[in-house]
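Order of listing sets the numbers, starting from 1, for every ligand and every atom in it. Small disclaimer: the values here were computed from a predicted structure and weren't measured.
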Amino acid sequence: MVLPYRHEPLTDFTLPDNRRAMTEALGTVRRAMGESYPMRIGGQSVFSDDVIVSTNPGRPDQVVGRVSKAGAAHVDAALAAGWEAFDAFRRQAGTVRARYLYRAAAIMRRRRFELAAWEVYEAGKNWAEADADVAEAIDFLEYYGRQMEELDRPVPLTPLEGEDDTAFYVPLGVGAIIPPWNFPLAILTGMTAGAVVAGNPVVLKPASPTPVIAEQFLRIMEEAGIPDGVINLIPGDGGVIGDYLVSHPRTRFVSFTGSREIGLRINALAAQAGTGQRWIKRVVAEMGGKDAIIVDETADLDDAAQGIVVSAFGFQGQKCSACSRAILVDAVYDKVVDRVVALTEKLRVGQADDPDTDIGPVIDERAFDKIMGYVEWGKAHARLLCGGRRVGDEGYFIAPTVFGDVDPASKLGQEEIFGPVLSVIRARDFDHALEIANGTEYGLTGAVYTRRRDRIEQARAEFEVGNLYINRKCTGAVVGAHPFGGFNLSGTDSKTGSPDYLRLFLQMKAVAERL
Ligand code: NAP
């Protein structure tokens, strides 16, 4: 029996012991960098000549690790290994499978600083963001373990006279897990653990910028005793093996988190039944956002400005939940803008391993070029209020950037930039602000700062997002407290960290026995 689920507390880095522990962990990880890592198929280590060279986005010459890359034959082998493991694994009770997760959570807790240090170097997260990602991974393990124990109980039914009527959940089969790089441990852990605890072996294809963190996760699951073949790790280029994995007739479901473009592609490909395929593939696709924070004339403006800046620039704006639009009613527009710019200019840009850094590098050169493309476009079509430039000449650092008077229908007002770029939009009044907020194809997160109860209720009813926050930032969803997932082209609204999530990887079997 385990304690009830409780959200993992974040590390307080103002305490000297914690600072010391993190500094030591950074040293340990620096010394471990550059190693070569295999794939894992059916519990076997498999090396290939073709490797992903994972580097530190803040110092691109620093190699974090070299990870073997999968090709089509490895995908075939990984799916075969998963199906081989399925028969025994699906027969394990949910309560038994939950224990792999509890044990993995305990190992993560013990290795907390080291895992955070890998994130600092491979993903460019600052200390606090890296620590929060590890805490969230632990939360997913603890939460989904307990959820599976709940789902292991018989489904309540209304039995008929003369029958023994029962229903219970069974797993689907072998699925593909395709996570993004931006929460390289938390999202990867949540997606994998959710499918696995429900009884499904998986083929895990991590995002190419963060494969070493995926390796750390796998080692932890192996140490926790997960049977061979249940988690098959095949790092590789999504553009090369992704379609093959998704379209494969032996892939039973696809759990994807990433961009709108790839999510829609996966949804379309998975809908076509391949030769010999015996099921409709289930697709869980969580995608991007163009998230907005609305501020009205009654709001606490300091609080609102703080919430906007934290939401816009945490992890360099590379969160699906990041605030990329601040929609301010005309009456307070100038006051809020002044505060937002003042707070943004105070943010310190630097290497992620420096404890004083607020803004680290963006993930890679491709992201850097894409974001700077939007910045240059913004300089020509909106009013640059701060930032708008590269910082330093080593690494992919971009000064946090704020554009004012952005046209809500323009590129800056509509497209996900996924970097430290905030568009400020002027609204006539609250109704207009809500109309602008709802005026994109996305619907992931949003926030409203107001003191008016009627407007809070209006936002509850009319702000079309999966995650709405009132008088607080729009990032930082907590497992178990804030079921997370978006509406519209932000995804299939899978609601991670909620009682609904594991059902996505299960099907209900009903058995009626005549007495
Ligand atoms: P991405 O480019 O779409 O990649 C996501 C994953 O898909 C990666 O593992 C990628 O592999 C893989 N992939 C690429 N092409 C593929 C294909 N043809 N078939 C199958 N898989 C393929 O997204 P990202 O840059 O990693 O992540 C950023 C995006 O994720 C943003 O849009 C963000 O909003 C979204 N996101 C959403 C949520 C949410 O909960 N809604 C959470 C986090 C992030 P490679 O790395 O090898 O290309």
key: Parallel, tilted or perpendicular: ring planes of Tyr501 versus Phe505, cut at 30 and 60 degrees   = perpendicular
key: Flag if over 12 foreign heavy atoms under 6.0 Å of CD1, Ile470   = yes
task = Take atom CD of Glu84 as the centre, draw a 6.0 Å sphere, and report whether it contains more than 12 heavy atoms from other residues, nucleotides or ligands.
result = no
request  = Indicate the ring-plane relationship of Trp83 and Phe86, choosing parallel, tilted or perpendicular according to the 30° and 60° boundaries.
outcome  = perpendicular
request  = Would you verify whether the NZ or CZ of Arg97 falls within 45 degrees of the ring axis of Phe89 while also being under 6.0 Å from that six-membered ring's centre?
outcome  = yes
request  = Could you tell me whether Phe315 and Trp127 have their ring centroids closer than 6.0 angstrom?
outcome  = no
note = Chain-and-number sorted residues having a heavy-atom contact under 4.0 Å with ligand 1 are Ile178, Pro179, Pro180, Trp181, Asn182, Ile187, Lys205, Pro206, Ala207, Ser208, Pro209, Gly236, Asp237, Gly238, Gly239, Gly242, Asp243, Phe256, Thr257, Gly258, Ser259, Ile262, Arg265, Ile266, Glu286, Met287, Gly288, Cys320, Glu416, Phe418, Leu444, Phe484
